[in-house]
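This report refers to the structure that appears directly beneath it.
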There are 2 protein chains.
Amino acid sequence: MGIEEPYKDKKVITIGVVRELTGLSDRQIRYYEERKLIFPVRSKGGSRKYSFSDIEQLMLIADKIEDGVQTHEIRQELAREIKHHKADVRSMIQGQLNAQFGTRRP
Amino acid sequence: MGIEEPYKDKKVITIGVVRELTGLSDRQIRYYEERKLIFPVRSKGGSRKYSFSDIEQLMLIADKIEDGVQTHEIRQELAREIKHHKADVRSMIQGQLNAQFGTRRP
DNA sequence: CGTGTAAGGAATTCTGACACG
DNA sequence: CGTGTAAGGAATTCTGACACG
């Protein structure tokens, strides 16, 4: 499990390109940010910059919205995913430690 | 040898971000395009869009310029690289064909 | 709740040209 | 040759608000 796709998470894409790539309106894209579903960074001048991950995330969000899921529900799902992801990272690190030093057994 | 880094070649980055990421001026970036060293695509409105590959390419170009290499020389080097790359692809495909069907031997 | 829209302003980018060397 | 710059215009993005439902 190595480091891959170094570009996927770099926030370098303007909202216009995101609009084209996702098919969403800027209004929608900005609204999902307002509802804490997506977190672009800002350029010096104040314009939003998104990553490819953000674009994928937006397409997932759009699917759920279409299915009638409300933004606050989506936000909760996201929180759960992050929690699980953190747990995964924790257990992976634990696994590496065990592999290196053996399982602790007093 | 599979398909990797699906984002590396997507032309989605505006010149302002390229300027920040490379440290070059827009003048320089546009000039290298004029000299056929880099090939951004255009948005509907006419603004340039670059890929991460383009950014890496620009940094290589900048290094060579600093070393006193002229743009037309760099362009020739690029042409050679493309030629070699095409030869590599050709021999790789040939290798796959041989692996699949055996070397032709009448 | 989620989205469209008109409004006004600010930041971004574009081209062609002049300058220096 | 490679790059800076001032000029004027066009495309892009921003925010806050009103509207509908």
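Throughout, protein chains are lettered first and strands after them, A, B, ... in sequence-line order, and every chain is numbered starting at 1.
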Full working for salt bridge (charged side-chain N to carboxylate O under 4.0 Å, His left out) between B:K44 and A:E20: CA-CA 11 Å; B:K44 320 222 162 183; A:E20 287 170 11; 5.6 Å; no
B:K8 and B:E56: CA distance, side-chain angles, deciding distance, salt bridge (charged side-chain N to carboxylate O under 4.0 Å, His left out) verdict: CA-CA 10 Å; B:K8 190 173 181 183; B:E56 292 182 2; 3.5 Å; yes
Check against ring-ring contact (aromatic ring centres under 6.0 Å, His included), B:Y7 and A:Y7: CA-CA 7 Å; B:Y7 311 108; A:Y7 311 108; 8.7 Å; no
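Distance NZ (A:K44) to P (C:dA11): 14 Å, rounded to an integer number of Å. Atom CD of B:E20 is separated from atom C1' of C:dT12 by 12 Å (rounded to the nearest Å). Regarding A:R19, its CZ atom lies at a distance of 11 Å from the C1' atom of D:dA11, rounded to whole Å. The distance from atom CD1 of B:I61 to atom P of D:dG2 is 11 Å, rounded to the nearest whole Å. One can place CD of B:E66 at 14 Å from C1' of D:dT3, the figure rounded to the nearest angstrom. Nucleotide C:dT3 holds its C1' atom 7 Å from the CD atom of A:Q28, rounded to whole Å. Here the P atom of nucleotide D:dT3 and the CZ atom of B:R35 are 11 Å apart, to the nearest Å. Atom CD1 of A:I29 is separated from atom P of C:dG4 by 10 Å (rounded to the nearest Å).
Side-chain proximity of B:S25 to the nucleotides C:dG2, D:dG4, C:dT3 is greatest for D:dG4. Of the candidate nucleotides D:dG4, D:dT3, C:dT3, D:dT3 has the atom nearest to the side chain of B:Y31.
Here side-chain hydrogen bond (donor to acceptor under 3.5 Å, both in side chains) pairs that include residues 86-95 of chain A, with residues two or more places apart or in two chains, are A:Q94-A:N98.
Judged by distance alone, the side chains of A:D9 and A:S53 do bring a donor and an acceptor atom under 3.5 Å apart.
The shortest non-hydrogen separation linking B:K49 to B:T14 is NZ-CG2, 3.2 Å.
Contact between the side-chain N/O atoms of B:S43 and the OP1/OP2 oxygens of D:dA11 is not found at any separation under 4.0 Å. A close approach under 4.0 Å does not occur between any side-chain nitrogen or oxygen of A:T14 and OP1 or OP2 of C:dT12.
Hydrophobic clustering of Ile, Leu, Val, Met, Phe, Trp and Tyr side chains at less than 4.5 Å, counting indirect connections, unites B:Y31 with B:V69. B:F39 and B:I74 fall into different hydrophobic clusters, where Ile, Leu, Val, Met, Phe, Trp and Tyr side chains are chained together by heavy-atom contacts under 4.5 Å.
In DNA chain D, the stems built from three or more successive Watson-Crick or G-U pairs (distances below 3.5 Å) are C:2-5 with D:17-20, C:17-20 with D:2-5.
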Per-nucleotide protein contact string for nucleotides 14-20 of chain C (B base, S sugar-phosphate only, - none; heavy atom under 4.0 Å): BB-B---
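Contact annotation: the side chain of A:R48 never approaches that of A:D26 to less than 4.5 Å [non-hydrogen atoms, C-beta and beyond].
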